[in-house]
Amino acid sequence: MNRVSSDQQKYVDVFNGDADGICALHQLRMAFPREAIEVTGVKRDIVLLDRVQVAPGDHVTVLDISLDANVIPLKQHLDAGATVSYFDHHDARHAFEHPRLEFHWSDSKDVCTSLLVSRFLDHRYVMWAIVAAFGDNLTSVANSMCMEQGLGWSDRASLQELGKLMNYNAYGEQLSDLHLHPAELYREVHRFVNPFDFIRSSPHFLALQFAYTEELSYLNDLHPMETRERSMVYMLPEASWSRRISGLLANKLYEEKRDFSFAVLTPKTTGGYVVSIRSSLPESKPASRFCAQFPTGGGRHMAAGINHLGADKVSGFVQRFFDYFESS
């Protein structure tokens with residue numbers, strides 16, 4: 001984490017630890033280099049603004065974390081005299097206007113935070129936006145962008161693998177579950193203007209590639225806990241690899257069976273489960289609407305989740321899941 005002197009204006013970069021958050025920050029800091037304090041965490045660690053201390057004149061950049069989950073500390077920072085630039089694509093029911101808040105937002109199913117940043121920068125570093133789109137499972141969007149850039153299938157596959165690996169690294173219950181701290185991965189990524197140079201030269205890429213290949217083999221033995229006509233529920237075993245692979249399993253299932261909706265339940269070390277949801281009908285049956293029924297739920301139309309589901313709530317959750325996604 002970079003530190004700056006307390007007697008001068010400081011900059012704070014708050015970002016999701018997944019591919020989208022890292023690629024969004026990377027684009028911005030290539031365009032606007034500055035020394036900043038970095039605040040990040042695992043993918044589901046989205047309540048990050050309450051870890052920030054500000055003074056009048058400070059500038060906070062927020063990337064790929066829900067405004068709804070951070071609205072109270074956001075207002076506190078603005079009241080304290082900070083300026084905030086906020087880029088996000090999650091639900092923002094509590095969005096508001098403020099003279100020192102610059103809010104770039106869309107909840108379109110074809111948008112991620114890095115795409116919003118790319119548009120803001122006139123697509124100056126569009127290759128990294130493509131990486132993030134692949135990481136966020138916006139495959140058709142990413143492929144269209146690749147075509148616009150004249151990339152062949154081999155290059156597309158490389159960018160898709162990078163996005164997938166960066167997302168894979170972000171999944172876990174706590175930072176000790178991850179192979180690389182997201183801030184460390186960001187700093188390594190930030191050494192490379194071109195993602196293909198990162199792929200060719202960075203030992204971090206090789207490390208994640210090896211770990212992912214090894215743990216992906218565990219998925220071959222997994223079977224759904226319950227299946228209906230248009231939806232399935234999976235429950236993973238209690239293991240550190242389960243916490244790392246859960247989101248990618250949900251994405252993999254969605255890619256393989258686009259006409260099905262999925263729930264993946266992953267045991268937490270403290271009890272209960274983390275839940276990943278993928279909707280096959282993001283417009284009429286948004287995953288975010290379903291997850292919003294639960295106290296720790298939220299997300300996007302296509303992909304959403306619940307940060308804590310009590311073990312005693314599982315049977316009720318499964319019934320509600322099928323009621324929601326199986327109904328006409």
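Computed from a predicted model, the values in this text were never measured in an experiment.
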Please say whether more than 12 non-hydrogen atoms of neighbouring residues, nucleotides or ligands are located less than 6.0 Å from [atom1] in [X].
X	atom1	answer
K313	NZ	no
I72	CD1	no
E283	CD	yes
F210	CZ	no

Taking [Y]'s backbone N and O only, do any of them form a donor-acceptor pair with [X]'s side chain (distance below 3.5 Å, no angle check)?
X	Y	answer
S231	T227	no
R119	D122	no
N70	L48	yes
D91	R93	no
N16	I65	no
H90	G299	no
R278	A303	no
W128	S118	no
Y86	L67	yes

Heavy-atom pair with the smallest gap, counting every atom of [X] and [Y]:
X	Y	answer
D20	C112	OD2-CB, 3.3 Å
G298	A304	O-CB, 3.2 Å
A287	S279	N-CB, 3.9 Å
F15	P182	CE1-O, 4.4 Å
A19	N167	N-OD1, 3.0 Å
P203	E188	CD-OE2, 4.0 Å

If two hydrophobic side chains count as joined below 4.5 Å and joins carry through other members, does [X] share a cluster with [Y]?
X	Y	value
I130	M147	no
L185	M127	yes
L249	V318	no
L101	V14	yes

request  = Could you walk me through whether F103 and F87 pass the ring pair (Phe, Tyr, Trp, His ring centres under 6.0 Å) test, one step at a time?
outcome  = CA-CA 6 Å; F103 190 40; F87 294 81; 9.2 Å; no
request  = Using the test side chain to side chain donor-acceptor pair (under 3.5 Å), find all partners of E102 that sit at least two apart in sequence or belong to another chain.
outcome  =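 E102: side chain to side chain donor-acceptor pair (under 3.5 Å) contacts with S85, H104.
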Any chance you could measure [X], atom [atom1], to [Y], atom [atom2], to the nearest 0.5 Å?
X	Y	atom1	atom2	value
S246	E173	OG	CD	10.5 Å
D13	E38	CG	CD	7.0 Å
Q174	T269	CD	OG1	5.0 Å
Q53	Q76	CD	CD	9.5 Å
D18	L63	CG	CG	10.5 Å
I277	I306	CD1	CD1	5.5 Å

Whether [X] engages the ring of [Y] as a cation-pi pair (distance to the six-membered ring centre under 6.0 angstrom, angle to the ring normal within 45°) should be assessed.
X	Y	value
R34	Y11	yes
R200	F205	no
K285	Y324	yes

request  = Start with the C-alpha distance between F192 and F196, add both sets of side-chain angles, then the distance that settles ring pair (Phe, Tyr, Trp, His ring centres under 6.0 Å), and finish with yes or no.
outcome  = CA-CA 9 Å; F192 299 88; F196 295 108; over 10 Å; no
Does either side chain, that of [X] or that of [Y], offer a donor lying less than 3.5 Å from an acceptor on the other one?
X	Y	value
E161	Y212	no
S276	R44	yes
D177	S240	no
Q27	R124	no
D323	Q319	yes
T113	D64	yes

request  = Please list all pairs passing the ring pair (Phe, Tyr, Trp, His ring centres under 6.0 Å) test where one or both residues lie in residues 226-275, with sequence neighbours left out.
outcome  =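 Listed by first then second residue: Y218-W241.
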query = Do D259 and R230 come close enough that some side-chain heavy atom pair is under 4.5 Å?
reply =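 Counting from C-beta outward, D259 and R230 never come under 4.5 Å.
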inquiry  = Any non-hydrogen side-chain atom of M235 less than 4.5 Å from a side-chain atom of V314?
reply    =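 Counting from C-beta outward, M235 and V314 do come under 4.5 Å.
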ask   = Hey, what's the ring geometry for F32 with F120, parallel, tilted or perpendicular (30° and 60° as the breaks)?
value =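 The rings of F32 and F120 sit tilted, inter-plane angle from 30° to 60°.
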message = Centre-to-centre under 6.0 Å for H308 and F294, is that the case here?
response =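 They do not qualify: ring centres at least 6.0 Å apart.
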